[in-house]
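In what follows, a single structure is set out as structure tokens and then discussed.
Hydrogens, waters and symmetry mates are skipped; everything else that's a heavy atom, side chains included, is used. All chains are named by letter (A, B, ...) in the order of the sequence lines, taking the proteins before the strands, and each is independently numbered beginning at 1.
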Amino acid sequence: MDNKQEIIERLRKEYADVKSALVYENPYELLVATILAAQCTDVRVNIVTKDLFKRYPSPKELAEADLAELESYIKTCGLYKNKAKNLIACAQRIMSEYGGQVPHTMEELTTLAGVGRKTANVVMAFAFGLPAFAVDTHVKRVSNRIGFANSDNPDKVEEQVTKIFRKEDWAQAHHWLIWHGRRVCKAQKPLCDTCCIADLCPYNNK
DNA sequence: ATCCCGAGGG
DNA sequence: CCCTCTGGAT
């Protein structure tokens with residue numbers, strides 16, 4: 001078993017129980033929550049969406065939302081002017097082009113305002129169970145440190161990492177890398193002393 | 001001061 | 001490649 005496969009098995013074991021911090025019932029809620037999550041913590045998103053989805057339970061209500069009112073709901077998530085405008089445009093397009101249903105392909109999802117490659121991959125993987133791999137800042141940082149990727153470009157990281165993990169592991173691998181990045185392989189003082197793959201990691205051994 | 005489960009535009 | 005958008009947590 002080569003080095004990378006051993007790293008994968010250790011991550012699988014270490015984070016066997018973890019799942020997304022953004023757990024939502026349907027594609028609409030996951031899509032909105034993921035848009036709100038840009039440059040914002042998952043904890044803050046979960047607080048905001050509790051009230052948000054009472055007021056806007058489906059794309060229909062969100063498409064008819066008043067901009068200023070929507071902004072007041074999501075203000076604490078940051079980047080709120082962009083997000084509020086995008087959310088309304090996004091919901092309007094879901095109503096007019098997709099019959100009120102969130103689409104499930106990369107091409108369709110990325111035509112929605114505020115939805116880029118990362119958000120589209122999250123929706124495909126976790127709302128529709130499709131083989132997709134989303135790269136966020138944690139995934140990018142950890143992948144580069146452990147030698148699974150060699151780029152600052154998220155699209156390039158996605159391309160490189162998806163070749164290393166088996167397709168059936170993509171959804172879980174996304175969470176392994178996120179949780180490893182948050183708990184251990186942190187941006188600022190990574191906890192290499194207690195890391196489960198420290199002996200195999202190029203970043204720790206350089 | 002730095003980062004957070006980014007996207008869009010130049 | 002660069003920049004801007006943004007409040008909150010540490």
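Distances were taken from every side-chain heavy atom of A:Q188 (C-beta onward) to each of B:dT2, B:dC5, B:dC4; the shortest belongs to B:dT2.
Annotation: B:dC4 and C:dC1 have their C1' atoms spaced 23 Å apart (nearest Å). Rounded to the nearest Å, the gap between the C1' atom of C:dT6 and that of B:dT2 is 14 Å. Taking atom P on both nucleotides, C:dG8 is separated from B:dA7 by 22 Å, rounded to a whole Å. When the C1' atom is used for both C:dC5 and B:dC3, the distance is 15 Å, rounded to whole Å.
Put simply, the side chain of A:Q101 does not reach to within 4.5 Å of the side chain of A:I94, judged on heavy atoms.
Projected onto DNA chain B by closest heavy-atom contact, A:H175 and A:N86 fall at different nucleotides, the more 5' of which corresponds to A:H175.
Note: CZ (A:R117) to P (B:dG8) measures 13 Å, nearest angstrom. Spacing between atom CZ of A:R183 and atom P of B:dC4 amounts to 16 Å, rounded to whole angstrom units. One can place CZ of A:R141 at 9 Å from P of B:dC3, the figure rounded to the nearest angstrom. Here B:dC5 presents its C1' atom at 15 Å from CE of A:M124, a figure rounded to the nearest Å. Between the C1' atom of B:dG6 and the CD1 atom of A:I74 lies a distance of 14 Å, rounded to the nearest Å. For the pair A:W176 CH2 and B:dC5 C1', the interatomic distance rounds to 17 Å; values are reported in whole Å. Here B:dT2 presents its C1' atom at 13 Å from NZ of A:K189, a figure rounded to the nearest Å. Taking atom CG of residue A:L112 and atom C1' of nucleotide B:dG8, one finds them 14 Å apart after rounding to whole Å.
To the nearest 0.5 Å, atom CG of residue A:L36 and atom CG of residue A:L79 are 10.0 Å apart. Expressed to the nearest 0.5 Å, how far CG of A:L200 lies from CD1 of A:I146 amounts to 10.0 Å. The NE2 atom of A:H138 lies 12.0 Å from the OG atom of A:S143; values are rounded to the nearest 0.5 Å.
Nucleic acid contact class of A:A134 (heavy atoms, under 4.0 Å, all strands): none. Across all strands shown, A:T119 has heavy atoms under 4.0 Å from sugar-phosphate atoms exclusively, and none from any base. Among the atoms of the strands shown, only primed sugar atoms or phosphate atoms (P, OP1, OP2) are found under 4.0 Å from some heavy atom of A:V115.
For the side-chain contact (heavy atoms from CB on, under 4.5 Å) test with A:D169, the passing option among A:R166, A:K167, A:Q172 is A:R166; the others fail. In summary, of the residues considered (A:V122, A:V45, A:T119), a side-chain contact (heavy atoms from CB on, under 4.5 Å) with A:I35 occurs for A:T119 alone.
Residues from residues 142-174 of chain A that place a heavy atom under 4.0 Å from any atom of DNA chain B, listed by number: A:H174.
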Under 3.5 Å, which N/O atoms of the protein pair with N/O atoms of nucleotides 6-10 of chain C?
residue: C:dT6; atom: OP1; partner: A:K81; partner atom: N; Å: 3.0
residue: C:dT6; atom: O4'; partner: A:L79; partner atom: N; Å: 3.0
residue: C:dT6; atom: O2; partner: A:L79; partner atom: N; Å: 2.9
residue: C:dT6; atom: O4; partner: A:Q39; partner atom: NE2; Å: 3.4
residue: C:dG7; atom: N2; partner: A:Q39; partner atom: O; Å: 3.4
residue: C:dG8; atom: O3'; partner: A:R44; partner atom: NH2; Å: 3.0
residue: C:dA9; atom: OP1; partner: A:R44; partner atom: NH2; Å: 2.6

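Between A:E9 and A:K13 no salt bridge is recorded (no basic side-chain N to carboxylate O distance below 4.0 Å). By the 4.0 Å N-to-carboxylate-O rule, A:R141 lies too far from A:D136 to be salt-bridged with it. A salt bridge links A:E158 with A:R117: the closest approach of a Lys/Arg side-chain nitrogen to an acidic carboxylate oxygen falls below 4.0 angstrom.
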Does the pair A:E14 and A:R10 meet the rule for a salt bridge (Lys or Arg N to Asp or Glu O under 4.0 Å), with working shown?
CA-CA 6 Å; A:E14 186 77 10; A:R10 290 198 200 173; over 6 Å; no

